[in-house]
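Take a look at the structure set out below.
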Number of protein chains: 2
Amino acid sequence: MAIPGTDELQLLHEQICQAVGDVKRIQILYALHDQPRHVSALADLLEMSQPTVSRHLAVLRERALVVAERNGAAVVYRLADSRLIDVLNLMRQLLRDTLERRANMMS
Amino acid sequence: MAIPGTDELQLLHEQICQAVGDVKRIQILYALHDQPRHVSALADLLEMSQPTVSRHLAVLRERALVVAERNGAAVVYRLADSRLIDVLNLMRQLLRDTLERRANMMS
DNA sequence: TAGATGTATACAGATATGCGAATAGGTGGA
DNA sequence: TCCACCTATTCGCATATCTGTATACATCTA
């Protein structure tokens with residue numbers, strides 16, 4: 001199987017990998033998958049400051065991974081594509097198996 | 001659906017997300033999926049310096065995402081679990097659709 | 001329009017990450 | 001053992017990313 005081109009991998013990195021490259025953004029993504037929420041609801045739920053949440057949402061929004069919709073003074077965010085959660089869940093499964101394999105090698 | 005615990009997401013970030021958080025590591029992973037290769041073969045193929053390749057391989061090795069096997073003076077690396085490529089390919093598909101959706105919104 | 005509420009952004013400092021250059025470590029052949 | 005080759009690591013620097021604080025911007029209500 002051929003190796004994907006550098007340009008595509010560069011895009012993949014910038015648009016997707018980098019977006020999930022922060023724990024707080026991963027938390028936000030799961031919280032939005034649970035249900036759409038507005039900024040301060042996320043801040044309360046995840047115990048982050050409002051500016052921190054807002055900046056992380058901006059990162060996700062710029063990559064079109066979340067969608068913002070204004071509702072009065074509040075802005076409600078939702079996931080643009082739930083397959084992003086599929087990706088994260090696949091990673092979690094891989095993590096579990098990898099940790100197990102690593103544990104077996106130690107023993 | 002419940003939101004995964006903070007500890008698990010922290011692990012996910014450190015062990016998987018961070019590992020794919022660099023373009024060169026992504027290139028290395030695809031090159032190893034194509035076939036096992038030793039360090040300097042990767043350096044030649046991907047046009048990176050030998051120390052750069054070695055450092056990136058160390059990152060992947062510490063997380064048990066690649067496996068090293070010595071072959072004479074050379075060290076051959078291979079993917080520990082090809083599902084990591086599944087994850088990356090799923091991201092690529094998501095990227096394609098996301099870019100398309102974003103392009104449609106512009107027009 | 002003034003005030004309250006909710007969200008986004010600017011700034012500065014701290015931390016993390018990646019790289020080139022140099023060097024140390026490991027392996028096999030002469 | 002000496003040497004050539006391959007790989008791993010160290011050091012110093014440059015760059016990127018994240019955060020709290022402060023503040024600007026947006027919206028609604030009275």
Side-chain angles (χ1 to χ4, degrees), chain A residues 6 9-29 31-32 35-80, chain B residues 6 9-29 31-32 35-80:
Chain A
T6 305
L9 295 187
Q10 180 66 38
L11 259 181
L12 178 65
H13 171 249
E14 289 171 358
Q15 301 296 317
I16 311 285
C17 294
Q18 202 157 280
V20 299
D22 184 283
V23 192
K24 296 189 177 179
R25 281 197 289 272
I26 298 175
Q27 288 183 269
I28 289 173
L29 290 170
L32 293 182
Q35 63 179 73
R37 299 173 196 269
H38 60 275
V39 178
S40 49
L42 285 169
D44 290 347
L45 176 68
L46 304 175
E47 296 180 312
M48 305 175 194
S49 75
Q50 177 270 318
T52 291
V53 172
S54 188
R55 272 191 306 260
H56 284 305
L57 285 169
V59 170
L60 299 171
R61 198 179 55 229
E62 289 162 4
R63 290 161 175 74
L65 300 176
V66 300
V67 176
E69 184 177 358
R70 183 169 284 280
N71 185 346
V75 177
V76 177
Y77 283 83
R78 61 177 174 81
L79 279 189
Chain B
T6 305
L9 295 188
Q10 179 67 40
L11 259 181
L12 178 65
H13 170 250
E14 289 171 359
Q15 301 296 317
I16 310 286
C17 294
Q18 202 158 281
V20 298
D22 184 283
V23 192
K24 297 191 178 180
R25 281 197 290 271
I26 298 175
Q27 288 183 270
I28 288 173
L29 289 170
L32 293 182
Q35 64 179 72
R37 298 173 196 268
H38 59 275
V39 179
S40 50
L42 285 169
D44 289 346
L45 176 68
L46 304 174
E47 296 180 312
M48 306 175 193
S49 74
Q50 177 271 318
T52 290
V53 172
S54 187
R55 271 191 308 260
H56 284 305
L57 285 170
V59 170
L60 299 171
R61 198 179 56 227
E62 289 161 6
R63 289 161 176 75
L65 300 176
V66 300
V67 176
E69 184 178 357
R70 183 168 283 281
N71 185 346
V75 177
V76 177
Y77 282 83
R78 61 178 175 81
L79 279 190

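When reading the values below, keep in mind they use all heavy atoms of this one structure, side chains included, and skip hydrogens, waters and symmetry mates. Labels below follow one simple rule: chain letters A, B, ... track the order of the sequence lines, proteins then strands, and each chain is numbered from 1.
The side chain of B/Ser40 places no N or O atom within less than 4.0 Å of a non-bridging phosphate oxygen (OP1 or OP2) of D/dC6. Contact annotation: B/His56 side-chain N/O to C/dC19 OP1/OP2 distance is under 4.0 Å. At the phosphate of D/dC6, neither OP1 nor OP2 sits under 4.0 Å from any side-chain N or O atom of B/Tyr77.
You'll find that the side chain of B/Ser49 is closest to C/dG20, out of D/dT9, C/dG20, C/dT9. Residue B/Val75 has its side chain nearest to D/dA8 when only D/dC18, D/dT19, D/dA8 are considered. Minimum atom distance to the side chain of A/Arg61 is reached by C/dT9, of the listed C/dT7, D/dG20, C/dT9.
One can place CD1 of B/Ile28 at 12 Å from C1' of C/dG18, the figure rounded to the nearest angstrom. Here C/dA8 presents its P atom at 15 Å from CE of A/Met48, a figure rounded to the nearest Å. Summarising the geometry, the separation between NE2 on B/His38 and C1' on D/dC5 is reported as 11 Å, rounded to the nearest angstrom. One can place CZ of B/Arg25 at 12 Å from C1' of C/dA16, the figure rounded to the nearest angstrom. Between the CG atom of A/Asn71 and the P atom of C/dG6 there is a distance of 12 Å, given to the nearest Å. Rounded to whole angstrom, the span from the CG atom of A/Leu60 across to the P atom of D/dT17 amounts to 14 Å. Atom-to-atom, CD of B/Gln18 to P of D/dT17 comes out at 13 Å; the value is rounded to the nearest Å. Atom-to-atom, CD1 of A/Ile26 to P of D/dT17 comes out at 16 Å; the value is rounded to the nearest Å.
Across every non-hydrogen atom of A/Ile26 and A/Val20, the tightest pair is CD1-O, 3.5 Å.
Put simply, the side chain of B/Arg37 never gets that close to the backbone of B/Ile28: no donor and acceptor are under 3.5 Å apart. The closest donor-acceptor contact from the side chain of A/Arg70 to the backbone of A/Ala73 lies under 3.5 Å. A/Arg25 places no side-chain N or O within donor-acceptor distance of the main-chain N or O of A/His56, the cut-off being under 3.5 Å. Put simply, the side chain of A/His38 never gets that close to the backbone of A/Tyr77: no donor and acceptor are under 3.5 Å apart.
Mapping A/Asp22 and A/Ala73 onto DNA chain D via the closest heavy atom, the residue that lands nearer the 5' end is A/Asp22.
Counting non-hydrogen atoms under 4.0 angstrom, B/Ser54 reaches a base of the nucleic acid. Nucleic acid contact for A/Arg70: sugar-phosphate only, since backbone atoms but no base atoms lie under 4.0 Å from a heavy atom of the residue.
Under 3.5 Å, the side chain of B/Arg55 and the base of D/dT10 form at least one donor-acceptor pair of N or O atoms.
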